[in-house]
Amino acid sequence: MQISIRAWVLGLVVLLPANAQVRQPAVPLVAPRVWDDYSIATLEVPLANPAGSPKHISSGFYYRIPVRPVYKTYPVYAPGREPEGYMDWLKQREPEIFWDDAGRKPSLRTESDWIAAGEAIFDAPIYYTNHRVVALPDVRNPQWYQATGAPVARDGTLPYVRYVVRQKGTVDLGNFACGFCHSRVMPDGGVIKGAQGNFPFEKSKAWSFRPSPATPGQLSAKESALRRLDGGLFAVPWISPDPLDAIKALSFTQLVSAHAAIPAEVIGRHRLALFLPVPIPDLIGVKDRHYLDRTGLQKQGSIADLMRYAALNQGADDLASYNGFVPAEFLSSTAPLDPADSVAVGGRYSDEQLYALALYLYSLQPPPNPNKMDSVAARGKRIFQSQGCAVCHTPPLYTNNKLTPAEGFHVPGDARAVLDVLPVPVGTDPNLTMSTRRGTGYYKVPSIRGVWYRSMFGHNGWCATLEGWFDPNRVRGDYVPTGFRPYGAETFAVKGHVFGLDLSAGDRKVLIAFLKTL
Ligand code: HEC
Ligand code: HEC
């Protein structure tokens, strides 16, 4: 396989097109309809085992879900960094609704109005103190920072979460905004919204559920809550073995440790698996991507599709039936679901809010790159070209926007007509895409723009750095991966994507120097 894919790639180098220009259509400032039944039904690439492909709720159901009011929010400070009297001051604030569907909304006349409103949606929490990944006492507790390694911004804030006053006198911790997972605190304390997030999601979840033997009785309630939550997130009951079986075999303490083993930039998100989490993508540049998610699960043909991605991933895809399994019913023990049930179903964004959010995401620009195109990087660029990297990581996007089939996946006959599929697999581990609820049988060719400000490479984030991704030893069984290592695994081969692995140490170094300029 290795020889043939290399030969295939090098055979194509001469055919590379000159840099394609991406045309930007003018933006009509009218929100498209998000939940259009036909668009929703054809949005996702079928799952590897199409029996489990979700049947999403109808537009009738969707539009009966209440729109969540978006409140004014306030920064959260790390212990020792909070202005004096801040909590008392917050307790005296009146609740202020910024945007709801009962008449309150920001000015939306110009494109910059929409973008500013979209940034507020990006930062708007959808869950509050009661949520199980992080709670208000945690972010005020120095031990939580020690246990999770949560980075604090230069101005003393924890930018992933916000305080919210929904009732005068009560301060809530709001979380699960887009910015919860898609904000990055840089080493210098600056914050980049939309970059790969680095909130220690799984470590904080492990902290929330940490076994506390001092209070007997509580343990089993915590355990059953965590097992139910993980069951709803990860179960794939129509395949055997169900990846959930691997966690059923763990004791509660082991299960909590397995969450804590996942680095900050990597998340066992819903529709994935605890042992198959993914690195958070950089959203800067998302406009140009034809496929969303590592498995290319969702197509993006227009801004409305990005709005649909946000709606689905902030609750609506849990309402779908996956071969009869409805995650929201499983999580809440409620069936059938009632659209107005704010506990079992949650809320939704309005179409206008989603449009503003998507316009904001499309407006994001990368931070200034400190890595300049010098003579070393120029040598790296020549290696990039001669190695055929650009066949797949084609400039200017540094992706050809195509899918590669996973090893062992048989591409269905009708798929080639509707999907952009390369004829060859790159040979990385097939499990994520073969056995999860986001698994399509493909991996997309990720854009490698902006790799200088992100980490955790490969679709499970096994390699913390580019140096690790191009380390020839990574394909050996005794390799110690520097990024995500599933709980209990000390050494393993990070196989596949052999491109660049046979370069000399010097050539590898300059190739990496070039990649960091992108
Ligand atoms: C709980 C953490 C979390 C929250 C909250 C979250 N995301 Fe994500 N997001 C992720 C992870 C993890 C992925 C990668 C999924 C994958 O590759 O399978 C992702 C992927 C995406 C992608 C696909 C990008 C690509 O190139 O593949 C988009 C777009 C996106 N998120 C937008 C949003 C928006 C908009 C919001 C808020 C409405 C949001 N996300 C909230 C964790 C989160
Ligand atoms: C045949 C297509 C193909 C070629 C050629 C190719 N890549 Fe890739 N590249 C991929 C795919 C697909 C992935 C994602 C693999 C996965 O996650 O399983 C990837 C992942 C990567 C990543 C990790 C990105 C991330 O966010 O995880 C980097 C960096 C990278 N490639 C650089 C290169 C370089 C440099 C070369 C040339 C030496 C190269 N690639 C050649 C298809 C290709």
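The analysis underlying the following values was restricted to heavy atoms, covering all of them including side chains, and did not include hydrogens, waters or symmetry mates. For ligands, and for the atoms within them, numbers begin at 1 and follow the listed sequence. The structure presented is a predicted model; accordingly, all values stated were derived computationally and were not measured.
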Ligand 2 atoms nearer than 4.0 angstrom to some heavy atom of K444 are 12 (C), 14 (C)
Check this for me - ligand 1, Y349, N or O atoms closer than 3.5 angstrom, yes or no?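 N/O-N/O distance below 3.5 Å does not exist for this pair.
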Short N or O distance, [X] and ligand 2, threshold 3.5 Å exclusive:
X	answer
T404	no
Y443	no
R294	yes
G388	no
H497	yes

Contacts satisfying salt bridge (charged side-chain N to carboxylate O under 4.0 Å, His left out) that involve residues 264-280 (not counting sequence neighbours) are E44-R271, R184-E265, R271-D317
ask   = What do you reckon, does V451 put a non-hydrogen atom under 4.0 Å from ligand 2?
value =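 No.
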Q) Would D172 and Y71 count as having a side-chain donor-acceptor pair, cut-off 3.5 Å? A) no
Tell me, please: is F201 in heavy-atom contact with ligand 1, that is, under 4.0 Å?
yes
Among the N/O/S atoms of H393, atom 8 (Fe) of ligand 2 lies closest to NE2
Strictly under 2.8 Å, how many protein N, O or S atoms lie near atom 8 (Fe) of ligand 1? Waters don't count.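 My tally for this metal is 1.
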